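Owing to the predicted nature of the structure, the values given are computational and were not obtained by experimental measurement. In the text below, chain A, chain B and the rest are named by the order of the sequence lines, each starting its count at 1.
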Number of protein chains: 2
Amino acid sequence: MNEKTTIYDIAKALNVTAATVSRALNNNPKISAATRKLVMETAAKMNYKQNKLALALKSGKSNNVGVVVPYIDRNFFSAIIRGIEEELYPLGYHVIICQTHEQESAEIDNINALLNAQVDGILMSVSKLSTQTSHFEHVLNKNVPLVFFDRKKDVKGVSTVTIDDYQAGYNATKHLIEQGCSKIAHLSGDWALEIYKNRYKGYKQALLDNGITFNKDYVIKTKSDIKAGHKSVEKLMTLETPPDAIFSSSDYVALGAIQQLKKMGVKIPDDFCVIGFSNEPFTKFMELSMSTVDQLPVEMGKMSAKVFLEQVKESNVKIEKKVVLAPNLKIRATSTKK
Amino acid sequence: MNEKTTIYDIAKALNVTAATVSRALNNNPKISAATRKLVMETAAKMNYKQNKLALALKSGKSNNVGVVVPYIDRNFFSAIIRGIEEELYPLGYHVIICQTHEQESAEIDNINALLNAQVDGILMSVSKLSTQTSHFEHVLNKNVPLVFFDRKKDVKGVSTVTIDDYQAGYNATKHLIEQGCSKIAHLSGDWALEIYKNRYKGYKQALLDNGITFNKDYVIKTKSDIKAGHKSVEKLMTLETPPDAIFSSSDYVALGAIQQLKKMGVKIPDDFCVIGFSNEPFTKFMELSMSTVDQLPVEMGKMSAKVFLEQVKESNVKIEKKVVLAPNLKIRATSTKK
DNA sequence: TTGTAGGCGTTATCAG
DNA sequence: CTGATAACGCCTACAA
């Protein structure tokens with residue numbers, strides 16, 4: 001009971017060979033119903049459990065996938081992981097998680113460790129501070145499927161699952177315009193990440209399409225925290241003509257902005273509208289529920305898993321799939337004028 | 001470059017044997033400095049990476065630990081996982097995550113799958129619906145370290161890391177009393193989970209210690225969602241003498257309670273105080289920031305990892321360690337009278 | 001239908 | 001110091 005029983009133990013107990021036991025256990029057709037039954041029964045009796053490690057070594061498939069994210073306790077990422085896990089677990093895969101803390105060095109380290117662990121694939125969101133792409137190409141060279149979700153880099157052969165950030169920026173901005181706002185500021189992130197650049201582009205195009213001239217002073221690139229929101233609003237409100245709305249690329253920055261605006265006595269949403277990004281859980285529970293863009297992270301995770309599965313199924317073909325999900329604008333109190 | 005290179009490839013290239021290569025790579029003392037250097041260099045040149053799978057099969061140690069939680073995208077759990085990962089990754093361990101969705105069947109399934117995958121340990125929070133303990137004993141029988149964090153069952157040989165829920169309940173209640181509340185209700189969870197029972201006990205004792213008679217009608221066992229908060233308040237406020245405060249075992253229930261109280265026109269915190277449990281991120285950002293009990297999940301995760309590490313270090317001895325962390329009462333607006 | 005033998009990539013034990 | 005060999009647990013041609 002205590003010791004691990006192997007197919008050899010079963011074989012010995014039944015006076016057959018391990019090969020026979022293996023065949024019986026795997027429903028191999030070339031075996032008599034009688035011995036199969038016998039093997040099954042004694043296997044159960046001896047509490048046999050297949051050693052996946054041995055199987056993995058033999059087959060070259062570990063049935064593990066690696067998931068690399070900046071921080072696992074950021075709701076957006078944990079929801080994605082949830083989606084991945086729920087899609088992959090029923091097929092016998094396990095999910096190994098790694099965190100980069102937004103450091104490229106950790107990202108490289110993680111990838112190498114996962115490769116050494118012989119994962120069957122790597123699903124990841126690239127770190128904000130990543131500039132190189134050689135570690136990604138390294139993965140591909142080992143014929144390990146690589147899927148980027150949300151944050152991606154342009155690497156040939158890598159499939160990606162993203163939301164349409166351009167469209168999200170466009171829709172959010174258009175909505176603000178429809179609410180009567182005309183001086184719309186945009187709080188963005190580092191443009192080294194495509195997501196931020198695309199949200200910005202959508203923002204800009206929505207302005208142009210609605211006859212609003214683009215004002216460079218209304219665009220601020222910041223970090224993604226509450227304090228950044230405070231500072232940005234301080235800066236914006238000292239402009240000659242301050243804005244009357246903010247589309248922020250981050251819920252946290254938007255939160256900070258709202259706090260600062262309140263402090264300054266600005267009335268939201270009547271005099272000023274705000275939209276954030278990510279649909280962080282807290283946005284729903286704020287004094288004024290915050291409008292935001294839902295990125296459907298669980299769906300994104302499931303989709304990433306599916307793309308990975310296609311990849312392994314057609315391992316002979318090189319697939320490079322680009323899935324773009326539609327964003328979901330959540331219109332709430334901070335952008336709803338009466 | 002494309003194919004995986006093994007120690008045999010290196011051996012062949014150097015006209016030595018694989019054993020020699022292995023020794024060189026592992027800094028085995030029985031090897032000449034010259035050959036070691038040579039091996040190291042060509043290994044680097046051929047882009048050799050150790051196959052951890054083979055090593056795992058050989059050594060019986062996979063360097064993977066399994067973490068089982070109800071849902072990975074619940075902030076409390078993802079923060080714990082973050083702590084575990086950060087503690088274990090530097091030591092070469094990988095974290096495999098599984099979700100139970102609060103189902104016992106899934107829990108059993110997860111554990112078996114992890115065992116088959118030859119994990120070196122399992123860290124978990126038991127599902128709300130778990131009643132059996134045989135699957136836990138099964139883990140111990142295989143000599144795989146098992147650590148419970150937060151939610152535990154009484155199983156001999158299992159180490160646990162929890163916060164002092166009794167103390168947390170006591171402190172929260174005492175704080176409410178100090179705020180002038182005397183008719184304090186308690187919204188609890190299923191007492192099959194010790195955490196809820198202990199919070200209740202602390203609540204009760206604090207009442208007694210402060211000369212407040214315990215009122216059975218003030219205690220309601222509910223699910224842990226917002227709707228449960230609505231319903232509980234509805235019920236409580238129809239009592240002959242309704243309460244003037246709530247200590248809730250869940251932030252979500254507390255949120256629902258607050259929403260319902262507002263709807264009924266009850267003034268918080270002046271006429272009614274509320275304290276939740278878990279320090280969910282949203283509590284800080286509510287209209288009135290919510291008082292709550294912080295369980296220090298990242299610390300809890302790190303501690304769980306440390307307990308696991310002790311366990312593997314002393315694999316010959318059976319350790320059963322019970323770590324109890326101090327809770328951290330976060331006093332915010334919903335329980336601060338002027 | 002079943003047995004034999006070899007191999008997945010490493011490391012450990014013995015010799016030499 | 002280095003080489004040969006066996007072993008970890010499983011699967012799969014090939015042979016019987």
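Not a single ring pair (Phe, Tyr, Trp, His ring centres under 6.0 Å) links B/F77 to another residue, sequence neighbours left out. Remark: A/N116 engages B/K49, B/K52 in a side chain to side chain contact (heavy atoms under 4.5 Å, CB included) (not counting sequence neighbours). In this structure A/V323 satisfies the side chain to side chain contact (heavy atoms under 4.5 Å, CB included) test together with A/V161, A/M303, A/V307, A/K321, A/L325, sequence neighbours excluded. The ring pair (Phe, Tyr, Trp, His ring centres under 6.0 Å) test applied to B/Y8 returns no partner, not counting sequence neighbours. Applying the side chain to side chain donor-acceptor pair (under 3.5 Å) rule to B/S59 yields no partners; only residues at least two apart in sequence or on another chain are considered. For A/K12, the side chain to side chain donor-acceptor pair (under 3.5 Å) criterion is met by no residue, not counting sequence neighbours. Scanning for side chain to side chain contact (heavy atoms under 4.5 Å, CB included) contacts around B/P297 gives B/F76, B/A79, B/I80, B/D294, with sequence neighbours left out.
For residues 110-136 of chain B, the ring-ring contact (aromatic ring centres under 6.0 Å, His included) pairs, not counting sequence neighbours, are B/F136-B/F148. Among residue pairs with one or both ends in residues 80-105 of chain B, those qualifying as ring-ring contact (aromatic ring centres under 6.0 Å, His included) are B/Y71-B/H101, B/Y93-B/F308; sequence neighbours excluded.
Among the atoms of the strands shown, only primed sugar atoms or phosphate atoms (P, OP1, OP2) are found under 4.0 Å from some heavy atom of A/T20.
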Practice task
Give the B/S/- string for nucleotides 6-16 of chain C, one per nucleotide from 5' to 3', where a protein heavy atom under 4.0 Å of the base yields B, of only the sugar-phosphate yields S, and otherwise -.
Solution key: BBBBBBBB---
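Under a 4.0 Å N-O distance rule, the pair A/E320/A/K156 does not qualify as a salt bridge.
Along DNA chain D, read 5' to 3', the first and last nucleotides having any atom under 4.0 Å from a heavy atom of chain B are D/dC1 to D/dG9.
Axis orientation changes by 50° from one end of the helix from C/dT1-D/dA16 to C/dG16-D/dC1 to the other, with each end axis drawn from 5 pairs and the value rounded to 10°.
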